[in-house]
> 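Next up is a structure, given as structure tokens.
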2 protein chains.
Amino acid sequence: MKARATETQRKTRIQIENEERILDAALEEFSAHGFRGATIDRIAEHAGMSKPNLLYYFRRKQDIYEALIARLLDKWLEPLQALDAVGDPLPELQSYIRRKLEMARDFPRESRLFANEILQGAPRIKRLLESELKPLVDEKAEILRGWMKAGQINTVDPRHLIFSIWSTTQHYADFDVQVQVILGPDRGAAGRFEDAARYLETLFLDGLRPKDKAGGTPRVRDL
Amino acid sequence: MKARATETQRKTRIQIENEERILDAALEEFSAHGFRGATIDRIAEHAGMSKPNLLYYFRRKQDIYEALIARLLDKWLEPLQALDAVGDPLPELQSYIRRKLEMARDFPRESRLFANEILQGAPRIKRLLESELKPLVDEKAEILRGWMKAGQINTVDPRHLIFSIWSTTQHYADFDVQVQVILGPDRGAAGRFEDAARYLETLFLDGLRPKDKAGGTPRVRDL
DNA sequence: CTAGAGTTTTATCAAACAGTCAATATTTCG
DNA sequence: CGAAATATTGACTGTTTGATAAAACTCTAG
């Protein structure tokens, strides 16, 4: 019988192995070229199997992509899920930033996969963003608002705060080539991420205005 | 005679018009799908001309892409170019952030074009990054270091500071779909950018740690 | 007006591409 | 074992894609 996901069918050892290999190869290709830029041929080659054999497990290109997204989204949102109302605000936020940065370091392909998709208008996962991402962000934004009202962190738009954490951390995965060009070869990947962690801690905690200087520069008017 | 860029040939009115239309259409397609995902057919259709006619002006797909990049890079780096050692540090930085945010608002396609290219490993512009972007960043990082030594801004790695300005501002162009899903339809694009500007000002100037609270939370250990 | 430069179109090509099919090989399990 | 279920392959189809050639058309300078 053909491998069908509709019926509650037990998966073969070979099925499990091959789907794993396919999804890993697909992650490689989709994250590097986007949905349209990636080809089934290259995914099959990278997975070490013939194209028809790959299509035996996933009937269409889009099926591979959707399986990938479904498998990775939860993992990707885990750090935000873990943001806890009970903990102390600043350590809790720092912990979130640190986790996101670790994700960028350890799973750059996943980061680029999502970046590619969003960048290209999220045509295939927009619904997922509305049904999964939006409620989660709303929930966590509420926690942040609580902390702001209690005066435990500065009062800002919590959703923009989340955006800035996403963008600054994922930048090190998504724009890695550019980061490397600018930072040069000295200090390996590990060093770069340590430096990034140190910098982001300062930025998010204290910003750039020096603490000591009293007669500081005057505030500039709004946009 | 054929349109050739090698000789210093005066351009026809038609040439100027058509190249303009092609580059605009190409910006649309390349920024939305990346180099491999975009097709000459769609660019030609979007530019309102036949594919062979388009290929009369640009012989190969890559030529269109390179012409686009060349035309846009300077404009894209303009805000950083404008960062001036003479001005007061904090207003100068705020001005830079504001300009970058305005670019993200007014030229989102350009932002996405570069994002797509870097995301996919910058295979076509890596050299350009090394020869143009790197020296510029080095120069401006030196200015930032000067301000830090003078105690006019907090001491951080200036290159990571620049990364964070790039990522937070360009996020509003590159991840626009996601931003819209999370912020919802209320408040138009203009409102979103006002909010972003306000938030980023707070973040970069003061960070999240509240000023008044004395017995603040303890610092969390490094990564 | 007209010759030649410049522009556009029609027709075409080979390669790359997503996806199908029937035949063959392999694994699983009673 | 041996039959059914599962897995793999080669050959193939129709389409899309980047690119070319040559003929036909249009514009412009003299």
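This one's a predicted model, so the numbers in the text were calculated from it and none came from an experiment. Numbers restart at 1 for each chain; the letters A, B, ... are given by sequence-line order, proteins then strands.
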> Could you point out which residue of A:R109, A:R42, A:H46 forms a side-chain hydrogen bond (donor to acceptor under 3.5 Å, both in side chains) with A:E28?
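For A:E28, the side-chain hydrogen bond (donor to acceptor under 3.5 Å, both in side chains) check succeeds only for A:R109.
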> Separation of A:I64 atom CD1 from C:dA18 atom C1', in whole Å?
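After rounding, the reported distance stands at 10 Å.
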> What is the distance, to the nearest angstrom, from the CD atom on B:E19 to the P atom on C:dT7?
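Value for this atom pair: 9 Å.
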> Distance-only, no hydrogens or angles: does the A:K134 side chain make a donor-acceptor pair with backbone N or O of A:L129 under 3.5 Å?
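No.
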> Give a yes or no on whether the backbone of B:R124 and the side-chain of B:E117 come within a donor-acceptor separation of less than 3.5 Å.
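Yes, because the side chain of B:E117 sits within donor-acceptor range (under 3.5 Å) of the backbone of B:R124.
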> Would you find a donor on one side and an acceptor on the other, under 3.5 Å apart, between the side chain of B:K100 and the backbone of B:L80?
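Absent.
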> Measure the acute angle between the ring planes of B:H171 and A:W166, then classify it against the limits of 30° and 60° as parallel, tilted or perpendicular.
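If you compare the ring of B:H171 with that of A:W166, the planes turn out tilted.
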> Would you call B:D195 and B:R192 a salt bridge, taking side-chain N to carboxylate O under 4.0 Å as the test?
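Looking at B:D195 and B:R192, the cut-off is not met.
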> Using a 4.0 Å heavy-atom cut-off, write out nucleotides 22-30 of chain C from 5' to 3' as B (base contacted by protein), S (sugar-phosphate only) or - (no contact).
-----SS--
> Between B:K75 and B:E78, is the closest basic N to carboxylate O distance under 4.0 Å?
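Salt bridge absent between B:E78 and B:K75.
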> Checking A:K140 side chain against A:Q81 main chain: does a donor-acceptor pair fall under 3.5 Å?
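Side chain of A:K140 to backbone of A:Q81: a pair is present.
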> May I ask you to evaluate whether B:N53 reaches the phosphate of C:dT10, defined as a side-chain N or O under 4.0 Å from OP1 or OP2?
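Negative; the distance criterion is not met.
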> Determine: side-chain N/O of B:N18 to OP1/OP2 of C:dG6, distance under 4.0 Å, yes or no.
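No.
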> For C:dT9, take OP1 and OP2 only and decide whether either is under 4.0 Å from a side-chain N or O of B:S50.
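Looking at the OP1 and OP2 atoms of C:dT9, one of them is under 4.0 Å from a side-chain N or O of B:S50.
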> Rounded to whole Å, how long is the line connecting atom CD1 of A:I16 with atom P of D:dT6?
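Checked: the CD1 to P distance equals 13 Å.
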> Using whole Å, report how far CG of B:L54 lies from C1' of C:dT7.
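Rounding to the nearest Å, CG of B:L54 and C1' of C:dT7 are 13 Å apart.
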> Does A:Y56 place a side-chain N or O at less than 4.0 Å from the phosphate oxygens OP1/OP2 of D:dA7?
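For A:Y56, the contact criterion (side-chain N or O under 4.0 Å from OP1 or OP2 of D:dA7) is met.
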> Can you give one letter per nucleotide of nucleotides 11-20 of chain D, 5' to 3': B if a protein heavy atom sits under 4.0 Å from the base, S if only from the sugar-phosphate, - if neither?
B-----SBBB
> Quick one: is B:Q15 getting a side-chain N or O under 4.0 Å of the C:dG6 phosphate, OP1 or OP2?
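So the side chain of B:Q15 is outside the cut-off, no N or O lying under 4.0 Å from OP1 or OP2 of C:dG6.
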> Between the side chains of A:R71 and A:E20, is the shortest nitrogen-to-carboxylate-oxygen separation below 4.0 Å, so that they form an ion pair?
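Yes, this pair counts.
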